[in-house]
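Keep in mind that this is a model prediction, so the values were computed, not measured. A note on names: the letters A, B, ... follow the listed sequences, proteins ahead of strands, and every chain is numbered from 1.
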Amino acid sequence: MGKLAFFTLADESGPIQLYLEKATLQAAHPDNPEVFAQLTSLVDAGDWIGVRGSLKRTDRGELSVKVVDWTMLSKALQPLPDKWHGLADVEKRYRQRYLDLIVSPHTRETFRRRARIVSTMRRWLDERGFLEIETPVLQTEAGGADARPFETHHNALDLPLTLRIATELHLKRLVVGGFERVYELGRIFRNEGVSTRHNPEFTSVEIYQAYADYHAMMELTEELIVAAAREVCGGTLISYQGTEVDLTPPWRRATMHDLVREATGLDFSSFEASDPLASRARAADAMAAAGLEVPAAADCLGRLLVEAFEQTVETSLIQPTFVLDYPVENSPLARAHRSKPGLVERFELFIVGRETANAFSELIDPVDQRSRLEAQQERRRAGDPEAQTVDEDFLHALEVGMPPTGCLGIGIDRLVMLLTDSPSIRDVIAFPLLRPEGRSGASEAGHEADA
RNA sequence: GGGUCGCUAGCUCAGCGGUAGAGCACUCGGCUUUUAACCGAUUGGUCCUGAGUUCGAAUCUCAGGCGACCCA
């Protein structure tokens, strides 16, 4: 049996070396000559132990605790992953996140940053008089976005319910009620596929400001995201997956028409004809001639424009870019453009080729809103499962009277990906949705290991 | 939805038609100023599942499961 041993003791604040000297321990425990052997033989990597002792620097200069007493706080029954290689298996990192967190400081740092981003955004909004109000997750009608909801059921009321796909329609009711600045930062659920950019439950913040329009929301977007970037990246020049991204405002503003024309040479405003079908046909021919796909579901000029944008422009928008003025057909909740017929006052923010925010001057005209939602309902009947429904109570609220309002929605997960240099949305969600494993899955994963 | 790749010990991986392996971890013993791997020994496996080909399958074929990445 030796006379000396070294352990590394770590808690969330970091590691420190334990200097274990047989003579010191025995002198402190004259009644237990085996104290050194017990400590070195009973303690394994992963156990939680407590120690008492004095600080010293070893001959190698490492700050250490010279241990005189110790106690086992919690025993690890499962061995830790290889201390050098860590958890290389991506799937295992997601399925057993607790292990990933133990062995990967980088993963821990990502979730610390996520927390700081969220708290910075809340503080920024609170300081400017925005009020956070929680709206229902369980809804009889899922509205406010083009997406399919999760369906559930309330037993006592025998009532079918859906999980919310957006917070929009309730926050607008609050504006009707007189709150001029409201927001909600919370979980949204969409019954859709899973990818490096999509998780069925994700976090968004929606912000509503009365007497503002989408131009004001652009400035708000810049300031809010810059505040988060400064908090976790220390500035506005960041690197994402090897690409330099400059978040210094002001960010580029460009209309969807101009961006599509730049990329393809196609001027969609020139396709307009007196007959909507003729407009659509002219645009379709031009797109086909330019080598673009023309999906049948894109049944009008506006949808074709968006299609052309998605095919040719979207992924090329690396530096932050506000894309302005969307077709009315794709934006049933946005206000008609003040000067451009057929368009709405809406922007989406793209960074590293990904939609990161969406905003508009709100549609507050209840008559216009009703006809747009009825058009959506018609699409739904025609087989589009993502088309919106008519929410009569929401329309009633608009009839009571809503002030001009700007709104903004930001995808928190995608923003966190950007600011933590994470390639997959699963890297920024602690427990992303995964298909259950057939055999060992849930039961074995229940035995947690500790650091 | 399409394609490519992966799944072998707790972890990281090798083996690619002929007795299932290595390093680390675990257990036991030795060493003791170490910074991923000190020295010895012992443990440890439904080679993802199922079917097929074969004298013989972790290995080849097919189907399925679970993932990763790319494309739409």
Side-chain angles (χ1 to χ4, degrees), chain A residues 1-10 14-26 34 36-47 53 55-67 75-105 107 192-199 241 287 291-298 306-312 314-315 353-354 385 417 422-427 431-451:
Chain A
M1 178 55 67
K3 303 186 285 285
L4 197 58
F6 297 89
F7 286 178
T8 299
L9 182 70
I16 190 167
Q17 178 169 268
L18 301 185
Y19 180 89
L20 311 173
E21 194 176 49
K22 189 174 188 179
T24 306
L25 278 155
Q26 284 186 341
E34 297 302 314
F36 179 75
Q38 286 170 355
L39 173 52
T40 55
S41 66
L42 292 180
V43 176
D44 299 315
D47 293 347
L55 281 177
K56 72 163 273 165
R57 237 174 235 292
T58 64
D59 296 348
R60 298 292 180 91
E62 174 105 11
L63 188 64
S64 306
V65 177
K66 187 174 182 181
V67 176
K75 181 71 186 161
L77 298 183
Q78 298 275 1
L80 290 180
D82 187 284
K83 69 175 170 180
W84 179 244
H85 297 97
L87 268 188
D89 183 339
V90 179
E91 177 183 354
K92 209 155 286 179
R93 288 192 7 229
Y94 299 145
R95 284 196 195 278
Q96 300 186 37
R97 182 69 89 184
Y98 40 87
L99 281 180
D100 182 29
L101 288 165
I102 289 169
V103 300
S104 169
T107 302
E192 295 169 353
V194 168
S195 78
T196 49
R197 286 171 291 279
H198 299 86
N199 195 61
Q241 301 294 297
M287 282 176 68
L292 302 182
E293 283 183 50
V294 183
V306 172
E307 192 62 42
F309 171 79
E310 289 175 352
Q311 288 181 38
T312 63
E314 185 167 330
T315 56
R354 287 203 286 259
M417 286 169 68
S422 299
S424 169
I425 197 169
R426 292 174 173 180
D427 296 322
F431 303 100
L433 182 71
L434 297 173
R435 207 184 293 267
E437 286 178 302
R439 199 159 34 92
S440 56
S443 62
E444 287 189 7
H447 301 291
E448 297 200 9
D450 288 319

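Comparing the same atom, P, in B:U35 and in B:G17 gives a spacing of 41 Å after rounding to whole Å. A gap of 28 Å separates the C1' atoms of B:C26 and B:C66, to the nearest Å. When the C1' atom is used for both B:U61 and B:A20, the distance is 22 Å, rounded to whole Å. Using atom C1' as the reference point in both B:U19 and B:A36, the two lie 34 Å apart (nearest Å). For the C1' atom pair drawn from B:A58 and B:G2, the interatomic distance equals 30 Å after rounding to whole Å. Comparing B:C47 with B:A57, their P atoms sit 13 Å apart, to the nearest whole Å. Taking the C1' atom of each, B:C69 and B:A63 are spaced 24 Å apart, rounded to whole Å. Between B:A14 and B:U8, the distance separating the two C1' atoms is 9 Å to the nearest Å.
Here the rule is salt bridge (Lys or Arg N to Asp or Glu O under 4.0 Å) with A:Glu21, and of A:Lys3, A:Lys56, A:Lys66 only A:Lys66 fits it.
By the 4.5 Å heavy-atom criterion applied to side chains, A:Leu39 and A:Leu25 are counted as neighbours. Side-chain atoms of A:Ile425 and A:Met417, non-hydrogen and from C-beta on, do get closer than 4.5 Å to each other. Using a 4.5 Å heavy-atom cutoff, the side chains of A:Asp47 and A:Leu42 are not in contact.
Between A:Glu62 and A:Ser41, the residue whose closest nucleotide on RNA chain B is further toward the 5' end is A:Ser41. Nucleotides of RNA chain B nearest to A:Pro81 and A:Gln17 differ in position, and the one nearer the 5' end is that of A:Pro81.
Rounded to whole Å, atom C1' of B:G10 lies 10 Å from atom CG of A:Leu99. Here B:C11 presents its C1' atom at 14 Å from OH of A:Tyr98, a figure rounded to the nearest Å. Across the protein-nucleic acid pair, A:Arg95 atom CZ and B:G6 atom P stand 19 Å apart, rounded to whole Å. When the P atom of B:G65 is taken as reference, atom CZ of A:Arg435 falls 8 Å away, rounded to whole Å. Across the protein-nucleic acid pair, A:Arg93 atom CZ and B:G10 atom P stand 21 Å apart, rounded to whole Å. Note: NE2 (A:His85) to P (B:C13) measures 7 Å, nearest angstrom. Atom CZ in A:Arg197 sits about 7 Å away from atom P in B:C70, given to the nearest Å. When rounded to the nearest whole Å, the span between CG of A:Asp89 and P of B:G10 equals 14 Å.
Within the shown strands, nothing qualifies as a pairing partner of B:C26 under the Watson-Crick or G-U definition with both distances less than 3.5 Å. In this structure B:U43 sits in no base pair that meets the Watson-Crick or G-U test at under 3.5 Å. Judged by Watson-Crick or G-U wobble contacts below 3.5 Å, the nucleotide B:C66 has B:G6 as its partner. Partner assigned to B:A57 is none, using Watson-Crick or G-U wobble distances below 3.5 angstrom. Under the Watson-Crick or G-U wobble criterion, with both distances below 3.5 Å, B:C31 is left unpaired in every strand shown. Pair assignment for B:A37 gives none, since no Watson-Crick or G-U wobble pairing has each distance under 3.5 Å.
Here the closest non-hydrogen pair linking A:Ser64 and A:Thr58 is OG-CG2, 3.3 Å. Across every non-hydrogen atom of A:Arg97 and A:Pro432, the tightest pair is NH2-CD, 4.1 Å. The minimum heavy-atom distance between A:Leu63 and A:Ile16, with the atom names listed, is O-CG1, 3.7 Å.
Closest to the side chain of A:Pro79, from the set B:A25, B:C69, B:U33, is B:A25. In this structure, of B:U27, B:C69, B:C66, it is B:C66 that holds the atom nearest to the side chain of A:Glu91. Distances from the side chain of A:Asp44 to the nucleotides B:G67, B:C26, B:U33 place B:C26 closest.
At the heavy-atom level, A:Glu293 lies under 4.0 Å from the strands shown only through sugar-phosphate atoms. Residue contacts shown for A:Thr196 are limited to sugar-phosphate atoms, with no base heavy atom under 4.0 Å away.
Residue A:Lys92 places no side-chain N or O under 4.0 Å from the OP1 or OP2 atom of B:G67.
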